[in-house]
Protein chains: 2
Amino acid sequence: MDALRRPQRRGACAALSTTMSVWILLSAVSGLKAEDDAMEELTTEKEAEESHRQDSVNLLTFILLLTLTILTIWLFKHRRVRFLHETGLAMIYGLLVGVILRYGIPATSYHNKTPPSCSLKEGPTSTLLLNISGKFFEYTLKGEINSREIHNVEQNDMLRKVTFDPEVFFNILLPPIIFHAGYSLKKRHFFRNLGSIITYAFLGTAISCFVIGNLMYGVVKLMQVVGQLTDKFYYTDCLFFGAIISATDPVTVLAIFNELHADGDLYALLFGESVMNDAVAIVLSSSIVAYQPSGANTHMFDAAAFFKSVGVFLGIFSGSFVMGAATGVVTSHVTKFTKLHCFPLLETALFFLMSWSTFLMAEACGFTGVVAVLFCGITQAHYTYNNLSEESNKRTKQLFEVLHFLAENFIFSYMGLALFTFQNHVFSPIFIIGAFTAIFIGRAFNIYPLSFLLNLGRRHKIKGNFQHMMMFAGLRGAMAFALAIRDTATYARQMMFTTTLLIVFFTVWVFGGGTTPMLSWLHIRVGVDPDQDQQPCGDSFQVLQGDGPQGEGQSKTKQESAWLFRLWYTFDHNYLKPILTHSGPPLTSTLPAYCGPLASCLTSPQAYENHEQLRDHDSDLLRNDSDMTFTFGDTAITANGASGGGGGDAAGGTGWSVNGKRSGSTSEEALERELDSREQELLSRGTRLVFPMEDHV
Amino acid sequence: MDALRRPQRRGACAALSTTMSVWILLSAVSGLKAEDDAMEELTTEKEAEESHRQDSVNLLTFILLLTLTILTIWLFKHRRVRFLHETGLAMIYGLLVGVILRYGIPATSYHNKTPPSCSLKEGPTSTLLLNISGKFFEYTLKGEINSREIHNVEQNDMLRKVTFDPEVFFNILLPPIIFHAGYSLKKRHFFRNLGSIITYAFLGTAISCFVIGNLMYGVVKLMQVVGQLTDKFYYTDCLFFGAIISATDPVTVLAIFNELHADGDLYALLFGESVMNDAVAIVLSSSIVAYQPSGANTHMFDAAAFFKSVGVFLGIFSGSFVMGAATGVVTSHVTKFTKLHCFPLLETALFFLMSWSTFLMAEACGFTGVVAVLFCGITQAHYTYNNLSEESNKRTKQLFEVLHFLAENFIFSYMGLALFTFQNHVFSPIFIIGAFTAIFIGRAFNIYPLSFLLNLGRRHKIKGNFQHMMMFAGLRGAMAFALAIRDTATYARQMMFTTTLLIVFFTVWVFGGGTTPMLSWLHIRVGVDPDQDQQPCGDSFQVLQGDGPQGEGQSKTKQESAWLFRLWYTFDHNYLKPILTHSGPPLTSTLPAYCGPLASCLTSPQAYENHEQLRDHDSDLLRNDSDMTFTFGDTAITANGASGGGGGDAAGGTGWSVNGKRSGSTSEEALERELDSREQELLSRGTRLVFPMEDHV
């Protein structure tokens, strides 16, 4: 069916024979049932049926691989083996199958002759008609192939068959992984460390990209001197490599953190950074590809092209962000103003469709679907989640959990397979050693200087051992792989792909496996009770006043950041939450009077109820009425309309705040309460007076 | 991208431009980023990007359609509107969008010229090379196109773009629908009516197929006489139409039954019949296609070819059945012998993968994936379900529920769209009127005679009003559509497709909408308590002895059927259940002594526990030890290893049986208890002494 496919350039990527798309397409072709018994049609039919069968077998191979992985994971979990994570395991199984396919099966090809060729003067068009004695056949363009490879038909057909279209990763496997990451971000620690996370993700990834890019340019120059470079390798290629390899994926480390209940702040920093820097790395790599200086000197610095690239970065990023957030907002509105929560199936289906539509919408507008999906996930978790019925909350979480699990393990087992079945590996020892060195240096330039800067503004410092752990947790995974395999057309890109694969293998196995020893070696506490680290709870008000013993010097920086964050939070709590969810204070009390009709239209009846309930029930606790607007806990409205346990807590919180000190900190109290409320629901439905008031940037 | 696509023959089906496969494929093509700035590549790149964007927009259209459908369904459910089901609604929205696409958008085409053509002497091959001044491009065959249509480029590009590859329905959308149907079959009433359901599904579908086929052949002959037939229409085509239109899909009716709690037996008969007859219709239609008599007279009766077709039917059906059942058995073994239920995510993922692998395995072996998936679903529900943790039971149900819901509504909204966007409709009033008449006659020949025959053997007669309701509920839906669209290459097939679409519309809207009035008109009880119809419970033993007042005459027929069913049930309960699940008696007590080691190896520790528990706890109730092997309730082992409430019930059951009469009926008691146990779990965990012993064939 698809002989002679060799990715030659970006365009020829498309020529990579795919299983998934071929799967669908060839099942179509397998419809080629001859109505008359012309010999040639029967041949085509047989070939197509054979192909369809082959595709089924290939997909089956992957499914059995995943099944095997699942069973082994279970065995490992059962025996509490922690040195190998499921993703590492998936890679090992993939490797084994790859070895079997490569060396165990004799090279076969059912195309034992060169396909016919025909000449045209015009350029290639996407559709071509073939005239065979008056009958017309339609052909579509697959891509350009190198002329020297036309007669090279000895390739193992099997190897080509198990090769996926690289866009499958981007359009089918990555979205559920990224959405799930965004959707699980609603963690108290994440919001407490938002500033640091954003700093690491944006500034850190940019630093890492440029450090790695420049180091690799040095390595490439060295290779040129030594005579190891056989084709072109530009500076932009180096930067591109820097961008794709800067996407960290500490999935292995986080799994162990979760299991051992390691420090929550460290978890949030790592998880948040890895989620956000995926988005940055994608957009950064597109911007680098978009860097095309005009004129002859196409690979030197050009200010106009550079600023265009920066513009592309900002445009794609903000466009995708807006797209994702907008879909989330629409979904939350729909779930707020309909009583859809009486029908969890409809609700879940709607949620799924709306989240998927973000991806398509972003792609349709020329933005990046994966990035949009990430921000959509975050918005859904922050707003829509509160409007869903309890049943749907569970359903959506579990649905995306399963999709994420399958997609992730699929990618990792494919990575293992790709090491032996990918046909265009370029192993360059110097480049590989250089890359390993560069990623560590790049990560160090990201973590240590930024941690130092962040610590200037943080009350709750990122300690040395945390910094070392973050350095250590710089694993590479699915995103780096997907970005690398997306384009393996040129020599440079092929070398990058091979190197990326090896880096992923090494980091997942060695660093992933070394997490537990590293944790104990760095004296990072494990077995932390999720609530314990909220203690001691007395000093929070001191900090907010900037009069803590250590906080004195940096109070201004801290205050500013806190002020910014507080501003956003107040806005979110007073306007966004009430507009988008059933929680928060009624808009009628937060919006100016002239917005009255709009406010009452947007406020849900539950908000008034909560309002009244709090006023009636806890009025004895609320001594200061001006704080009212801040003090409503974000009570989760469940399917039956009952308000959660947040109300009592919120009221209690105000009581304490009144006993302590009245200050602008009330919004942060509400924030903390909100962030707690999820965990609290899990613990008990009762009220608990906890005031974790540490001020993190 | 894909100009001039017109399905001409079965082979050309593949030429139907698809959104889904094009979606994946073109996203690959959109990777066509020119590395150098050759003009032609830039053009291709732009075109590909445009295409990718267009695909996103198209998929988005469908998603928004589904979203709209969901919201409207909610509104309807909210206001208790029952005359229009969600599938009917999806069709209406699809129709509206189809009308807009057809008439609202000016005909555009971005191919404003005929694609270049080139000539070859050899036959068409799947791959073609194009030589453009030394550069080679690879092309793949899409299908044959009619020469008169090469210059017809005025087709609306949009219309072609929203057309899906028909195999998408078979390989992507149908499997989750069918699996879900199989997976929800574990209903007490289904097993009680198994004999009747199988009769309707196999015999009934065959009758319906031949009646409709022959009637349509008459209609076609009439059209020939009148001069309305412009192309060939063979007898096999008529039979094929009979097969595809015999697949009933009373989803609308069943939804209303569910809502109104209509009679359980009627529900089971309808649901069971529609699920099983889908499988029969698929295999029947393939067998008819496989009917190719040798020699010149290719469309006349040929005994050899006929028996070959029958052989194909039996081969494909039994092969698919074995494949599906085997996967179910493997899954149940895996879930039984591992402690996977401690990790619901792994368990769910495994379950999903194993179920999917059935489909692929069947396709790889040349059987029918959809049929295999159905039997896999039934096996999974009957065995694996009992081994899963409670959490996974929920998860798997919900996962497939969502997939089923989305796939089903997608198909129905696509149907609406297809009425206006499909390019090759052949509207033939005579054929359409003939088809409407034929399907009613076919259904009547299916229901009434078979009901009469079944009633001869049934104690619990299928009453007249039930028969009329079954007649009325002969709606056509997704399966008929998917079978019809799979092949729209010839004139005959196009006419069938158009007619099928209209039949689906009419039956879903008119019969679906008329269900509620029909129910009351036929005096079918609604609001039935699921348990109420198990009463009265006294006469069951009479029946088993064949000494009931009415049962006298037919006792032999009945007894035989009951004997067959009892044999299977005893086998299932004594051997299959203990081998595949944690429930049932220990194998050591049911298998012969020489199988000892094997038996003890296959028996799960829980089975012994249940055994001991029963013996210790209820030994006072068990007066007859020889009945022991029959008397263990199928206790569902939950995640924490606790046995369900079935044990006490089972013991109680034996007590009653001993008080009543000792007979071969004990296995059926156990059956009833098992069938009840699901409902019982929902009701309460306590013991309940209910003995619904009516004997249904």
Side-chain angles (χ1 to χ4, degrees), chain A residues 1 3 9-11 13-14 21 24-25 27-29 31-33 35 40 53 56-57 59-60 63 66-67 70 74 115-120 122-129 131-132 136-140 142 144-145 147 165 167 171 340 346 348-350 353 357 360 363-364 395 398 402 405, chain B residues 1 3 9-11 13-14 21 24-25 27-29 31-33 35 40 53 56-57 59-60 63 66-67 70 74 115-120 122-129 131-132 136-140 142 144-145 147 165 167 171 340 346 348-350 353 357 360 363-364 395 398 402 405:
Chain A
M1 189 66 206
R9 49 184 62 245
R10 183 101 202 242
C13 248
S21 73
I24 295 167
L25 205 74
S27 30
V29 179
L32 283 164
K33 295 263 183 207
E35 284 287 307
E40 72 261 33
R53 207 167 282 191
S56 301
V57 171
L59 211 46
L60 200 60
I63 289 185
L66 287 185
T67 310
I70 289 176
W74 163 71
S117 99
C118 95
S119 299
L120 266 190
E122 310 171 55
T125 52
S126 52
T127 304
L128 180 76
L129 295 179
N131 181 349
I132 296 169
F136 283 87
F137 294 88
E138 191 187 11
Y139 283 80
T140 35
K142 289 299 269 190
E144 192 184 341
I145 59 167
S147 54
D165 181 341
E167 294 299 314
N171 293 326
L340 212 57
L346 296 185
T348 309
L350 185 92
L353 289 175
S357 73
L360 295 172
E363 291 285 322
R395 277 190 184 215
Q398 291 177 349
V402 170
F405 177 85
Chain B
M1 190 65 209
R9 49 184 63 243
R10 183 100 202 241
C13 248
S21 73
I24 294 168
L25 205 74
S27 30
V29 179
L32 284 164
K33 295 264 182 206
E35 283 286 307
E40 73 261 32
R53 208 168 283 189
S56 302
V57 171
L59 211 45
L60 200 59
I63 290 186
L66 287 185
T67 310
I70 289 177
W74 164 71
S117 97
C118 95
S119 299
L120 265 190
E122 310 171 54
T125 51
S126 52
T127 304
L128 179 76
L129 295 179
N131 181 350
I132 296 168
F136 283 88
F137 293 89
E138 190 187 10
Y139 282 81
T140 34
K142 288 300 267 190
E144 191 184 343
I145 59 168
S147 54
D165 182 340
E167 294 298 314
N171 293 326
L340 212 57
L346 296 185
T348 309
L350 186 91
L353 289 175
S357 73
L360 295 173
E363 291 286 321
R395 277 191 184 214
Q398 292 177 348
V402 170
F405 177 84

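Numbered from 1 within each chain, the chains take letters A, B, ... in sequence-line order.
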Check whether any side-chain heavy atom of A:Gln398 sits under 4.5 Å from a side-chain heavy atom of B:Gln398, and report yes or no. yes

Distance, nearest 0.5 Å, that separates OG of A:Ser56 from CG of B:Asn171: 7.5 Å

Mind checking the CD1-CG spacing from A:Ile70 to B:Leu350? Nearest 0.5 Å is all I need. 5.0 Å

Counting heavy-atom pairs under 4.5 Å to chain A, which of B:Leu346, B:Val402, B:Leu66 comes out on top? B:Leu346

Under a 4.5 Å cut-off applied to non-hydrogen side-chain atoms, are B:Phe405 and A:Thr348 in contact? no

Interatomic spacing from CD1 in B:Ile63 to CG in A:Leu353 - rounded to 0.5 Å: 6.0 Å

